Amino acid sequence: MTSVKLENAAASPGSRSGIVLFLGTLLLWVIPVDFVRLNPTWSSLSQGLTAALGLAAVILIVRARHLRIALVASLVLLLLTSSLATGSVVPPFEFLLPFLIGVGLALGLTRGQFGVALVIFGTMAFISICIDTLTHGPTTSSLFGSPIQLSTLTGTRSRGLIGQPVPAAFVCLALTASLAWLATAIRSRSRRFVAWFATGASLIVTLITTGTRSALIALLATAALMFLAAILRSGWRVLIPLVVWSPAVAATLIILFQTVGSGFSGTRLGDFGGLNGSASLSNRLYALEFLHRWASSTNLVDQIIGHGPRNLQQTLSAYQGATSLNTIDNLFVTVLWDFGLFGVLLLFILFVIALRRLLSTDLLLSSAAIGVAAILLSGLAFDALYTRPMAIIFAAMATQLFLRTPNDADATDTVITNSRPKGSTVK
């Protein structure tokens, strides 16, 4: 019987270029271009770095040996074609560059490096939120320019390096959900518990300090999805630990509720009663008006391929006379307006693929699926993919869904160990 084992003999040229791309992406990732009026220096650096990283990502995509990457490249090309409704190539390319960088990141990094990259992204986002919490202001984003202030919506809520509370919470949700699932690969029970505790605690702190109620709802939906996937993968035996530990968990929850319950209800995160008539709720209900306007359009082309990237944002700016923060807080209605039925269909296909990959025994693959699903679920309450950090993470995780075979090694740097008996041959 033949047993073939592939091992990484040395760092491949692809992995080294991936590390360089990651370091550049990390610098780009921390520049809050979406919600801060950047200083000239940071603005120039952001533009130049985006172009350079985008070019590097395109080279990696072209050089990719994985057949399934052709599908990703085709989808990106079709998305670009559909966005030409603007009559110019520049806006679509500018919009797609963060996604291309994310695809290149997934291709350039080895599987182990990709997991480490997720940890670094999540750690940086969480630390920046903690700094804002301790300083009672947008300290980290202020390093790059003047944060856009919306006192009635943001107040003193922590923003972190993302620049706004809501996207900061959703970025942390996607990263922590993916990392928590990936942590099941840790063999040591104590270390696995520490990893779960760290991801869970950081997410709870993030939700409380950012005061993002929609992220809390998305967390519950993501947790339910993870729980269902665990049952389908491992059977009902996954419930045994829950039954055994349920008395201790129930007692802990009761004690916590008695000690911090009243304090939690006084926070913005626990104030669901305050949603009635609030700007947060009315802004999201505003999506229904644009959904009606899209459905009432007599232009079939606009309905199929949309009006072009960020057209809805420009339309809102014309009405409100503001910039940057114009949003209806619904990814699917925004994509429907900007990219038509074609764009929504792409998101639906990705969500279905993510649900299927959740059942994979490959933990990196299923953890990426969790991240993609969490981001798309958050789209019901925010234009998640219209911020650069989220676009990069989403594209990187979505690309992993198509990498069905490990990309840690290739034909140039693998060691093949054949365990056939001596004298046998491989046909």
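Keep in mind the model is a prediction, meaning the values are calculated, not measured.
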Task: Other residues, nucleotides, ligands: >12 heavy atoms within 6.0 Å of R192 CZ - done: yes
Open item on the list: If we ignore hydrogens and angles and just use 3.5 Å, is the side chain of Q113 paired with the main-chain N or O of T110 as donor and acceptor?
Closed with: yes
Task: W181 side chain vs I370 backbone, donor-acceptor pair below 3.5 Å - done: no
Task: Nearest-0.5 Å distance, CG of residue L182 to OG of residue S366 - done: 8.0 Å
Task: Whether S46 side chain and W42 backbone form a donor-acceptor pair below 3.5 Å - done: no
Task: Side-chain donor or acceptor of S296 paired with backbone N/O of R293 under 3.5 Å - done: no
Open item on the list: Side chains of S178 and L118, heavy atoms from C-beta outward: is any pair under 4.5 Å?
Closed with: yes
Task: Distance-minimising heavy-atom pair for F170 and A381 - done: CZ-CB, 4.4 Å
Task: F99 vs F95, ring-ring contact (aromatic ring centres under 6.0 Å, His included): CA-CA, chis, key distance, verdict - done: CA-CA 8 Å; F99 295 95; F95 181 81; 5.6 Å; yes
TODO: Can you see which heavy atom on L207 is nearest to which on A169, and at what distance?
DONE: CD2-CB, 4.2 Å
TODO: Would you tell me whether T139 and R159 have side-chain atoms, one donor and one acceptor, within less than 3.5 Å of each other?
DONE: no
Open item on the list: Donor-acceptor pair, distance only, cut-off 3.5 Å: does the side chain of D383 make one with the backbone of Y386?
Closed with: no
TODO: State whether the side chain of N311 and the backbone N or O of D338 hold a donor-acceptor pair below 3.5 Å, judged by distance alone.
DONE: no
Task: Stepwise ring-ring contact (aromatic ring centres under 6.0 Å, His included) test for F22 and F121 - done: CA-CA 10 Å; F22 167 70; F121 281 132; 5.6 Å; yes
- [ ] Using atom types as modelled and distance alone, determine if a side-chain donor or acceptor of R357 lies under 3.5 Å from a backbone N or O of D362.
- [x] no
Task: Residue pair F394 / L350, side-chain heavy-atom distance below 4.5 Å - done: yes
Task: Non-hydrogen side-chain atoms of T199 and L203 separated by less than 4.5 Å - done: no
Open item on the list: I'd like to know whether F382 forms a side-chain contact (heavy atoms from CB on, under 4.5 Å) with T387, so could you lay out the CA-CA distance, the side-chain angles of the two residues, the decisive distance to 0.1 Å, and finally the verdict.
Closed with: CA-CA 10 Å; F382 187 71; T387 57; 4.2 Å; yes
Task: Backbone of I162 reached by a side-chain donor or acceptor of D34 within 3.5 Å - done: no
- [ ] Fit a plane to each ring of F193 and F197, take the angle between them on a 0 to 90° scale, and name the class: parallel (under 30°), tilted (30 to 60°) or perpendicular (over 60°).
- [x] parallel
Task: Value rounded to 0.5 Å, distance of CG in L107 from CZ in F114 - done: 10.0 Å
Open item on the list: Rounded at 0.5 Å granularity, tell me how far CG in L53 sits from CG in L60.
Closed with: 10.5 Å
Task: Any F339 side-chain heavy atom under 4.5 Å of V344 side chain - done: no
Open item on the list: Which residue in the set T210, T133, T212 passes side-chain hydrogen bond (donor to acceptor under 3.5 Å, both in side chains) when paired with S158?
Closed with: T133
Open item on the list: Applying side-chain contact (heavy atoms from CB on, under 4.5 Å) to I328 and Q313, what does each step give before you reach the verdict?
Closed with: CA-CA 9 Å; I328 55 175; Q313 185 181 55; over 6 Å; no
Task: Q47 side chain near T50 side chain, heavy-atom distance below 4.5 Å - done: no
- [ ] Side-chain contact test, heavy atoms from C-beta onward, threshold under 4.5 Å: evaluate it for L331 versus L380 and give yes or no.
- [x] no
Task: Minimal non-hydrogen separation, A57 against L100, with atom names - done: CB-O, 3.1 Å
Open item on the list: If you define the side chain from C-beta out and look only at heavy atoms, does anything of F144 sit under 4.5 Å from N39?
Closed with: no
TODO: Please name the pair of heavy atoms, one in P165 and one in R157, separated by the smallest distance, quoted to 0.1 Å.
DONE: CB-NH2, 3.6 Å
Open item on the list: Using a 3.5 Å distance criterion without hydrogens, assess whether the side chain of S44 forms a donor-acceptor pair with backbone atoms of P40.
Closed with: yes
Open item on the list: Could you measure the distance from the OG1 atom of T25 to the CD1 atom of I393? Nearest 0.5 Å is fine.
Closed with: 11.0 Å
- [ ] Can you measure from OG (S141) to CD1 (I131) and round to the nearest 0.5 angstrom?
- [x] 11.0 Å
Open item on the list: Any side-chain to backbone donor/acceptor pair from D132 onto T140? Under 3.5 Å, distance only.
Closed with: yes
Task: Non-hydrogen side-chain atoms of V30 and M124 separated by less than 4.5 Å - done: yes
Task: Where P98 and A391 come nearest, the two heavy atoms and their spacing - done: CB-CB, 3.9 Å
Task: Euclidean distance, L219 CG relative to T176 OG1, rounded to 0.5 Å - done: 7.5 Å
Task: Step-by-step side-chain contact (heavy atoms from CB on, under 4.5 Å) determination, L228 to L358 - done: CA-CA 10 Å; L228 179 60; L358 274 176; over 6 Å; no
Task: Minimum-distance pair of heavy atoms, taken over all atoms of L365 and S360 - done: CD2-OG, 3.4 Å
- [ ] Take L355 and F351 through the side-chain contact (heavy atoms from CB on, under 4.5 Å) test and state the conclusion after the steps.
- [x] CA-CA 6 Å; L355 292 181; F351 187 69; 3.6 Å; yes
